[in-house]
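Bear in mind that the values here come from a model prediction, so they are computed numbers and not experimental data. In what follows, every chain begins at residue 1, and chains take the letters A, B, ... in the order their sequences are listed.
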Amino acid sequence: MPELPEVETIKRDLEKKILGKKIIAIEADKPKVIKEPSLDKFRKGLVGKRPKEVIRKAKVLIIKFEDNKFLVIHLRISGWLQYGKKEDKARVLFKLSDGKYLNYMDQRLLGELRLRSDYKDLKFIQRLGPEPFELSLKEFKDIIRTKKTKIKPLLMDQAVISGIGNIYAQESLFESKILPTRQSLSLKDREISLLYKNIRGVLNKAIQNRGSSVDTYRDIDGRTGGMEEKLRVYGRQNEPCFKCRRSIKKINLGGRGTCFCPSCQH
DNA sequence: AATGGGACCTGCGCGC
DNA sequence: TGCGCGCAGGTCCCAT
């Protein structure tokens, strides 16, 4: 899915555009993405209600309504939200009191929508580890030294650290000159410190640039991000490294494509 | 506990 | 042009 920076961008835009606007009607072209409750109850629970708060927890987007119910949206890989006119490709469509629409877009239909009286009791929320911004350097070091696994899959393990996905794990490791295949236990103290700094730096830069649109992700106006042009290693296999000009390589790690510079990263 | 594979889905680019 | 394959920002579940 969109990673932490993309979801944060959506959250901030939604706060500006939909708070206080009543839901007038809901159409579901693909009701399967609504995981709970039934479509009928989902519709009855939301029509007539106004969103009063938008929350982001790692990569999960949560909209709180005036009756204190929560619409929990997990965008997974290809989910995004478009505010404005009605979209033909919307999987679920929320008609709003200002005459506009909030379209739930999701090419691959892997995303999930839930209407619940709480979100904190959801299993996948409870299992989330701290976000990078919630961690002190010391806590980060302790985490890195706890697990016996390769550093890249570790960074992407949401139960350990939440919010980092496949793009920003690669970017953070490239900036830190650390090979994605390194055992986390082998990282030197200064490498962990550098990684800590670079994870925050990469995520902050991505937020400032409104996220990466390398594929289906768009902001709520349907516009691309801006970070995709500033990515330094993701998707650059066979292209020259920005630092040393040698060829970027791509391998498979834990089932995910992983780009790195064999010359700069150790 | 760590790791690998498959599942969930659609759609794109590529080679033949 | 058509077809099969691999691959895609995520995560869960199972087997080893």
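- The pairing partner recorded for B/dA2 is C/dT16, the criterion being a Watson-Crick or G-U wobble arrangement whose two distances lie under 3.5 angstrom.
- In this structure, C/dT1 makes no Watson-Crick or G-U wobble pair, since no nucleotide meets both defining distances under 3.5 angstrom.
- Taking 4.0 angstrom as the limit, A/Lys59 places a side-chain polar atom (N or O) nearer than this to OP1 or OP2 of C/dT11.
- The pair A/Arg210-A/Asp13 counts as a salt bridge, with a side-chain nitrogen and a carboxylate oxygen less than 4.0 angstrom apart.
- Between A/Arg145 and A/Asp189 a salt bridge is recorded (basic side-chain N to carboxylate O distance below 4.0 Å).
- The distance between atom CD1 of A/Ile207 and atom P of C/dG9, rounded to the nearest whole Å, is 20 Å.
- Within the 4.0 angstrom heavy-atom criterion, only backbone atoms of the sugar-phosphate kind lie near A/Leu109; the bases stay farther away.
- If you check every strand for non-hydrogen atoms under 4.0 Å, A/Asp215 touches a base.
- For the pair A/Thr149 and B/dT3, the criterion of a side-chain N or O lying under 4.0 Å from OP1 or OP2 is met.
- For A/Arg114 and A/Glu36, the salt-bridge test passes: some basic side-chain N is under 4.0 Å from an acidic carboxylate O.
- At the heavy-atom level, A/Gly257 lies under 4.0 Å from the strands shown only through sugar-phosphate atoms.
- Phosphate proximity of C/dA8 to A/Arg256: absent, as no side-chain N or O sits under 4.0 Å from OP1 or OP2.
- With hydrogens and angles disregarded, no donor-acceptor distance shorter than 3.5 Å links the side chain of A/Glu8 to the backbone of A/Ala58.
- Per the geometry, CE belonging to A/Met156 stands 15 Å off C1' belonging to B/dG4, to the nearest Å.
- Of the candidate nucleotides C/dT11, C/dA8, C/dG9, C/dA8 has the atom lying nearest to any side-chain atom of A/Arg108.
- A/Lys250 comes within 4.0 angstrom of sugar-phosphate atoms only, judged by non-hydrogen atoms across all strands, and of no base.
- Checked options A/Leu155, A/Ile151, A/Leu195, A/Ile178; the residue passing with A/Ser184 is A/Ile151 (criterion: side chain to side chain contact (heavy atoms under 4.5 Å, CB included)).
- The residue A/Tyr168 sits apart from the nucleic acid: no heavy atom pair falls under 4.0 Å.
- The side chain of A/Arg127 places an N or O atom within less than 4.0 Å of a non-bridging phosphate oxygen (OP1 or OP2) of C/dC12.
- C/dT1 and B/dT10 have their P atoms separated by 25 Å, with the value rounded to a whole Å.
- One C1' atom belongs to C/dG9, the other to B/dT3, and the distance between them is 22 Å to the nearest Å.
- Distance A/Lys89 NZ to B/dT10 P: 14 Å, rounded to the nearest Å.
- At whole-Å resolution of the value, CG in A/Leu185 and P in B/dA1 are 15 Å apart.
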